[in-house]
Number of protein chains: 2
Amino acid sequence: MRQLTAAGLVESRPGVGTFVRAARPTTPADYGWQTAALGSPLSRAVGLSATQQVAAPDALQLHSGYPARDLLPERLVRAALVRAARTESAVTRAPAAGLPELQAWFASEVAGPVPPSPRDALVIAGSQSGLTSIFRALVGPGQPMVIESPTYWGAVLAARQSGVDLVPVPSGPDGPNPADVERAFATTGARAFYAQPTFANPTGAQWSAETGRAVLDVVRAHGAFLVEDDWAHDLGIDADPQPLVGQDDDGHVIYLRSLTKTVSPSLRVAAVIARGPARDRILADRAAETMYVSGLLQAAALDVVTQPGWRTHLRTMRQQLGARRDLLLRAVRESAPDLHVEHVPAGGLNLWARLPDGTDVDAFVRACQARGLVIAAGTEWFPAEPTGPFVRLNYSGESPERFPEAGRILGDALRH
Amino acid sequence: MRQLTAAGLVESRPGVGTFVRAARPTTPADYGWQTAALGSPLSRAVGLSATQQVAAPDALQLHSGYPARDLLPERLVRAALVRAARTESAVTRAPAAGLPELQAWFASEVAGPVPPSPRDALVIAGSQSGLTSIFRALVGPGQPMVIESPTYWGAVLAARQSGVDLVPVPSGPDGPNPADVERAFATTGARAFYAQPTFANPTGAQWSAETGRAVLDVVRAHGAFLVEDDWAHDLGIDADPQPLVGQDDDGHVIYLRSLTKTVSPSLRVAAVIARGPARDRILADRAAETMYVSGLLQAAALDVVTQPGWRTHLRTMRQQLGARRDLLLRAVRESAPDLHVEHVPAGGLNLWARLPDGTDVDAFVRACQARGLVIAAGTEWFPAEPTGPFVRLNYSGESPERFPEAGRILGDALRH
């Protein structure tokens, strides 16, 4: 009966009775008038990302951006949620900047000579909302922002939604060439650079220490912000993250860290660390956008990351990600040798693979899909035209026993 | 130890040891360079609303926009959260449009000849994020939007953040004069009207059925949208809500319904109901802004509203709100007769009271605060200059035993 009620089929009024709801009429409505009211969209019409498509249950899935459920600290998460359900946070409003204890935790995670204060860490509901707020608050519509290419499609989407003009610089396995970044700032007058210096999505690239220092110098020299999206902070395999925010002492680095991928996609909790007036600008945007983040989710997230089991979880995840990466890499090299993985990522969730020149990447993706394998075309990761036919393969979502099969399908699709 | 870890004072590495973290240096950082990088803010710098200020624990508080904890269905909420913690939703990603069962519930709540389909109900994390998305997606920067005056400050804030130009029309206890709405559309070419037809915040006004029909006719004639913010749907006292969305069959009404105030401020769950291309435009904005809403919160919210205890809760809340409203009204009339409550609200959480002409409303609010009573100046509820010295008094947040004391402080502050 509760299911029927939830589905809107029956309506139950205690003390009165249960009623079947009226059926929907079948005349189609005419929404043509909305064409004039809505006008053309400001940015190109964006559907959902290929990474978010729902695949058939038996399909092999290497397209999504999330790790498999068995990589998550499920018991910690469920126990933390049950505990949080009993606290004040379940029935009270959280402060706009976040629960002070969680702010303190995010701040304490930044190592370096000048650690941020808890006040500088603003709790947000996932890093996507941080991106849109940062771009709106620090850059603004019609203004230029430097960005790596390829880079996270969600950042490209957030920038487009904020009306920001993207200025792409190429980025390789060691990060961008600082001279390219310098030229981009000098020619456009940009005041911000969005980047993923650690295990970048999609390539897994990690900036060298020299590149980091040089880029930070360029950013400082131009009186600009470096928006450091440390999305894979807890996803290191062969290397450890060394976030640039640790070298920042005067507010040039705006730092993003999310728990969504390592705690649970349902615990939408992340933080922006920003100092000075930039912090206030971002907080004002967040407050206007959403007022505050559910205190229950914040309390549960803090519970998880302060349990002794959290460090154990991170160590286990590291091993599992490494094993998965190597298995998928082997499957690709054995069964689809023409699919070239240029750079073995030292962390993150993905392989970034290049198809032979001239391959139609969309046709290749469709050919894989027809054979039961869902992957994401690389197109979405380029702020401008793609520089080659790439695909992204997530090794963290699908069961590794199926990787050889995935390799065979990739090889088979390449031959046809 | 977990508290010390959370506060960032010590750092614990299992198997290695526990370390006291380095103390922060005391040299102040210089953020002066950010002045040039940030430029002037696009909208006037907005701090937090007066309704969101944190008052001293012993202060009498009539300023906030939320009901007291003892008005909430606390047991239902906690039990629902514990149950949700055990479901799939705790460890999986929710679809961008929301959990299908919750979409169906929101859609089923709309009565009328042409009920919306579950697909038309988009789940969002609280109504504030719905407002910003609707204004961005359907109106856009630099475009006009008609709005009641006074009206909800959060909508004014969301419109400013979206760069929308506000076109205020006066609104009284029966709603706006349809001729004023017609003139506002005709002279500005606006394509949207934001309104709260049921128990408006702050006045408690409820549009008459004739006003609703006439305004809907105006909106249709101008090929425009009515953004119906049904924030007080479950907060009726002497009257029941009759949302205009029930009369909509061709997508002119964009409907907002939130559960935050009647379930729990921590269950940030609301819905936008929109039909036609407008629905897709809003969903694309939400996806770019935040990807999806925590499935755990959605599952818990659905659990609460489909329990038999939910209807009991709504009946109890109605009685309590009525008793509280009458008590505060009596206290004001007895002890502060010069504070004029023009309209006794048939629902909602607030009294909207007018001070004698010429009163400095900010000085009055400060005088109350000095005497231990926190109230909100009416200024924030006006899209333009206030038309008189008003204050908003929330009767749902403070303990009713203290209402006589509040009345005496109001009277005392008025005399000085």
Side-chain angles (χ1 to χ4, degrees), chain A residues 2 5-8 14 29-31 33-34 36-38 42 46 48 66 69 72 74 77-78 81-82 85 89-91 93 101 104-105 107-108 125-126 128-129 132 157-158 161 191 223-224 249-251 264-266 268 276-278 281 284 288-291 294-297 302 306 308 311, chain B residues 2 5-8 14 29-31 33-34 36-38 46 66 69 72 74 77-78 81-82 85 89-91 93 96 101 104-105 107-108 125-126 128-129 132 140 157-158 161 191 223-224 249-251 264-266 268 276-278 281 284 288-291 294-297 302 306 308 311:
Chain A
R2 285 189 58 223
T5 308
D30 181 5
Y31 303 122
W33 68 271
Q34 289 190 359
L38 292 172
L42 281 185
V46 190
L48 293 182
Y66 289 83
R69 199 166 139 179
L72 299 177
E74 191 165 328
V77 168
R78 293 191 192 276
L81 283 168
V82 169
S89 69
V91 286
R93 199 164 72 83
E101 300 82 1
W105 182 82
S108 76
Q128 189 68 20
S129 26
T132 50
L157 177 63
Q161 195 215 18
R191 291 302 191 112
D249 56 2
D250 53 1
S264 160
S266 203
R268 296 286 284 152
R281 214 44 97 83
E289 181 63 37
T290 195
M291 302 262 173
S294 164
L296 177 104
L297 297 184
L302 179 67
T306 53
R311 299 241 160 236
Chain B
R2 285 191 57 226
T5 308
D30 182 4
Y31 303 122
W33 68 271
Q34 289 191 357
L38 292 172
V46 190
Y66 288 82
R69 199 166 138 180
L72 299 176
E74 190 165 328
V77 169
R78 293 191 192 278
L81 283 168
V82 169
S89 69
V91 286
R93 200 164 71 83
E101 301 82 359
W105 181 82
S108 76
Q128 189 69 20
S129 25
T132 49
L157 176 64
Q161 196 216 15
R191 291 300 189 115
D249 56 4
D250 53 1
S264 160
S266 203
R268 297 285 284 153
R281 218 37 102 86
E289 182 63 37
T290 195
M291 303 263 174
S294 163
L296 178 103
L297 297 184
L302 179 67
T306 52
R311 300 238 160 238

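Numbered from 1 within each chain, the chains take letters A, B, ... in sequence-line order.
Looking at B:L72, the atoms closer than 4.5 Å to chain A (heavy atoms on both sides) all sit in the side chain, from C-beta outward. Using a 4.5 Å cut-off between heavy atoms, B:D250 touches chain A through backbone and side chain atoms alike. For B:V91, the parts lying under 4.5 angstrom from a heavy atom of chain A are both the backbone and the side chain. Proximity to chain A (any heavy atom under 4.5 Å) is restricted, for B:A224, to the backbone atoms N, CA, C and O. With a 4.5 Å cut-off on non-hydrogen atoms, B:T290 touches chain A through its backbone and its side chain both. Both the backbone and the side chain of A:V82 come within contact range of chain B, judged by heavy atoms closer than 4.5 Å. For a residue to count as touching a neighbouring chain, one of its non-hydrogen atoms must lie under 4.5 Å from one of that chain's; by this rule B:R69 touches chain A with the side chain only.
Within the model, atoms CZ of A:R268 and CG of B:L296 stand 13.0 Å from one another, a figure rounded to the nearest 0.5 Å.
If you tally non-hydrogen atom pairs under 4.5 Å between each of A:A278, A:G295, A:A158, A:A29 and chain B, the highest count goes to A:A278. The candidate from B:L81, B:V77, B:D249, B:D30 with the greatest count of non-hydrogen atom pairs under 4.5 Å with chain A is B:L81. With chain B as the partner, the residue from A:S264, A:S294, A:G223 showing the most heavy-atom pairs under 4.5 Å is A:S294.
Heavy atoms only, all atoms of each residue included: A:A288 and B:Q128 are closest at O-NE2, 2.9 Å. Between B:S89 and A:S266 the shortest heavy-atom distance is O-OG, 2.7 Å. Pairing each heavy atom of A:R281 with each of B:L38, the nearest pair is NH1-O, 3.5 Å. Looking at every heavy atom in both residues, B:P277 comes nearest to A:Q34 through CD-OE1, 3.0 Å.
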